[in-house]
Amino acid sequence: MHQPVLVKEVLEGLVPEKCDVIVDATVGTGGHAEAILTKLKRKAKLICIDRDGNALRIAKRRLAEHKDRVHFAHLQFNRIEDLLLDLKISSVSGFLFDLGLCALHLQNAKRGFSFQLDGPLDMRMDRSQSKNACEVVSTYSFPRLTRILRESGQERFSRRIARAVVNRRRRSPILTTFQLRDIVESAIDRRYRIKSLARVFQAIRIEVNDELNQLKEGLSQAIRLLAPGGRLALVSYHSLEHRLIREKIRQKSRGCICPPDLPVCGCGAKAVLRVITRRPVVPTPEEIEANPSARSARLWAAEKLGGGAAEE
Ligand SMILES: C[S@@+](CC[C@H](N)C(=O)[O-])C[C@H]1O[C@@H](n2cnc3c(N)ncnc32)[C@H](O)[C@@H]1O
């Protein structure tokens, strides 16, 4: 079972005094959602979203006793606005985004996310989507593969690994996680292997699930939908997510972006968020010891300022 991270800290950052609707945009198997429900007043609602139908089924079972105040939706969080429009909800008291993968993904060889388990090269969070990891390694051109390994994996041997992939697939199809692992291992020096494998698998996963665009769009929609005084809590796990969130929160909390020597503001931009966490919150050593996969987690929280919806 997936162990939720930074639960106490998420609850402190997420649930405001006055609270009608909370959206858990990445409910997974429902760990955070269960904790949120213990803090919500009886008449407040929790909307639970996930793009993984399996995770959603487990969350539904787990939260069955709260079914009168929980709504489940199987979709990508870049469609939160459409969902809330359908539900006739125009503003939200809090949004949680706990990004990345569940234990459910990493521990199941058939999902193809882990280079430590042999399985089909899949990596789709939503198995109804057509693009999978096999398609990426089989059809992307050498420059495109190099670019995603460099940009989404921050892999310094990106060219060498992309070249090895392209050479291998000319001889035989690359269908499994262990085949991809062999290719990466054959392309680089032994001492860099583990780190490079982690980066290559991360890059392909981000590409398959379009994770960074999802995050940009989901975050923009959430900021628009937050009620004044509403809260945004985000848990991120790698530097690309950290950077994107830091920049978005900074931009939305800064307001005027005119050069300091301009006597009057010409841009008209207004701050819409107040930062709650000046620095991202990290797990305690005790939490990391109990749950090593929490070690890279960073929690970011912000509050919507009064009446700023139009400015987002
Ligand atoms: C780290 S897990 C969440 C764990 C959850 N907080 C818990 O306590 O069990 C992240 C979840 O987000 C989902 N997810 C990732 N990107 C998504 C997206 N763009 N739209 C909807 N769900 C997404 C994944 O399928 C996964 O189940």
Side-chain angles (χ1 to χ4, degrees), residues 2-50 55-56 59 62-63 66 69-73 77 80-81 83-84 87 89-100 102 214-215 218-237 241-242 244-246 248-250 252-253 272-284 287 291 294 297-306 308-309 312:
H2 181 86
Q3 244 179 292
V5 306
L6 291 163
V7 175
K8 181 168 79 60
E9 296 83 350
V10 163
L11 290 187
E12 279 165 12
L14 177 68
V15 184
E17 268 303 291
K18 190 179 158 326
C19 180
D20 303 316
V21 180
I22 298 280
V23 175
D24 182 343
T26 52
V27 70
T29 48
H32 283 110
E34 192 171 49
I36 293 167
L37 283 161
T38 62
K39 199 171 171 188
L40 282 191
K41 301 218 170 78
R42 276 238 47 97
K43 59 179 185 26
K45 290 238 175 293
L46 179 65
I47 315 269
C48 294
I49 296 173
D50 207 289
L56 209 56
R62 183 176 191 166
L63 306 175
H66 305 279
R69 56 193 183 126
V70 182
H71 179 91
F72 293 93
F77 57 54
I80 293 179
E81 270 179 338
L83 171 72
L84 295 186
L87 297 175
I89 294 172
S90 54
S91 73
V92 170
S93 318
F95 276 97
L96 170 62
F97 292 79
D98 176 22
L99 301 166
C102 274
Q214 281 282 324
L215 177 56
L219 194 46
S220 292
Q221 294 189 14
I223 295 171
R224 283 199 285 272
L225 287 160
L226 269 181
R231 298 285 184 84
L232 188 59
L234 298 120
V235 184
S236 54
Y237 294 88
E241 289 173 349
H242 303 331
L244 203 152
I245 293 170
R246 187 188 312 112
K248 186 74 167 180
I249 292 183
R250 193 177 285 163
K252 292 295 167 190
S253 58
V272 291
L273 292 179
R274 175 181 77 80
V275 178
I276 297 176
T277 48
R278 278 276 146 224
R279 283 167 181 280
V281 179
V282 296
T284 59
E287 177 167 4
N291 178 15
R298 301 283 178 276
L299 168 68
W300 315 75
E303 183 177 273
K304 181 83 174 265
L305 294 171
E312 195 342 62

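Predicted, not measured: the structure shown is a model, and the values here were computed from it.
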Run the side-chain donor-acceptor check on residues 14-25: report pairs under 3.5 Å with partners two or more places apart or on a different chain.
| residue | atom | partner | partner atom | Å |
| --- | --- | --- | --- | --- |
| Lys18 | NZ | Asp20 | OD2 | 3.3 |
| Asp24 | OD1 | Thr26 | N | 3.1 |
| Asp24 | OD1 | Val27 | N | 3.4 |

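- Rounding to the nearest 0.5 angstrom, the gap separating the CG atom in Leu37 from the NE2 atom in His32 is 13.0 Å.
- For His242, the side-chain hydrogen bond (donor to acceptor under 3.5 Å, both in side chains) test picks out Ser236, with sequence neighbours left out.
- Every residue two or more places apart in sequence or in another chain that forms a side-chain hydrogen bond (donor to acceptor under 3.5 Å, both in side chains) with Glu34 is listed here: Arg62.
- Although no hydrogens or angles enter the test, the distance criterion places a donor-acceptor pair under 3.5 Å between the side chain of Lys304 and the main chain of Ile223.
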#### Entry: Trp300 vs Ile249, side chain to side chain contact (heavy atoms under 4.5 Å, CB included): CA-CA, chis, key distance, verdict
CA-CA 9 Å; Trp300 315 75; Ile249 292 183; 4.0 Å; yes
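- Contact annotation: the side chain of Leu99 approaches that of Phe77 to within less than 4.5 Å [non-hydrogen atoms, C-beta and beyond].
- At least one side-chain heavy atom of Val5 sits under 4.5 Å from a side-chain heavy atom of Tyr237.
- With values rounded to the nearest 0.5 angstrom, Glu303 atom CD is found 7.5 Å from Leu305 atom CG.
- Judged by distance alone, the side chain of Arg298 and the main-chain N or O of Pro280 form no donor-acceptor pair under 3.5 Å.
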### Message
Leu56 vs Asp50, test: side chain to side chain contact (heavy atoms under 4.5 Å, CB included). Steps then yes/no.
### Response
CA-CA 6 Å; Leu56 209 56; Asp50 207 289; 3.9 Å; yes
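- The side chain to side chain contact (heavy atoms under 4.5 Å, CB included) search around Ser253 returns Leu273, Val275, not counting sequence neighbours.
- Leu234 pairs with exactly one of Leu219, Thr277, Leu299 by the side chain to side chain contact (heavy atoms under 4.5 Å, CB included) rule, that one being Leu219.
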### Stepwise side chain to side chain contact (heavy atoms under 4.5 Å, CB included) check, Leu40 with Arg69
CA-CA 10 Å; Leu40 282 191; Arg69 56 193 183 126; 3.9 Å; yes
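- Across all their heavy atoms, Ala35 and Val7 have their closest contact at CB-CG1, 3.6 Å.
- Counting heavy atoms from C-beta on, the side chains of Val10 and Asp98 never come closer than 4.5 Å.
- Qualifying side-chain hydrogen bond (donor to acceptor under 3.5 Å, both in side chains) partners for Arg278, counting only residues two or more places apart in sequence or in other chains: none.
- Applying the side chain to side chain contact (heavy atoms under 4.5 Å, CB included) test to Gln3 and every residue at least two apart in sequence or in another chain returns Asn291.
- Here Leu225 contributes atom CG and Ser93 contributes atom OG; the two are 11.5 Å apart, rounded to the nearest 0.5 Å.
- Glu81 is linked by a side-chain hydrogen bond (donor to acceptor under 3.5 Å, both in side chains) to Arg224, counting only residues two or more places apart in sequence or in another chain.
- Here Phe95 pairs with nothing under the ring pair (Phe, Tyr, Trp, His ring centres under 6.0 Å) rule; sequence neighbours left out.
- Among residues two or more places apart in sequence or in another chain, the side chain to side chain contact (heavy atoms under 4.5 Å, CB included) test is passed with Arg250 by Arg246.
- Residue pairs meeting the side-chain hydrogen bond (donor to acceptor under 3.5 Å, both in side chains) criterion with at least one member in residues 39-49, sequence neighbours excluded: Arg42-Asp68.
- Proximity of Cys48 to Leu63: side-chain heavy atoms (C-beta onward) are separated by under 4.5 Å at one or more points.
- Rounded to the nearest 0.5 Å, atoms CD1 (Ile47) and CD1 (Ile80) are 10.0 Å apart.
- Considering only residues two or more places apart in sequence or on other chains, Pro283 meets the side chain to side chain contact (heavy atoms under 4.5 Å, CB included) condition with Leu6, Glu287, Ile288, Ala294, Ala297.
- Atom CG of Leu83 and atom CD of Gln221 lie 10.0 Å apart (nearest 0.5 Å).
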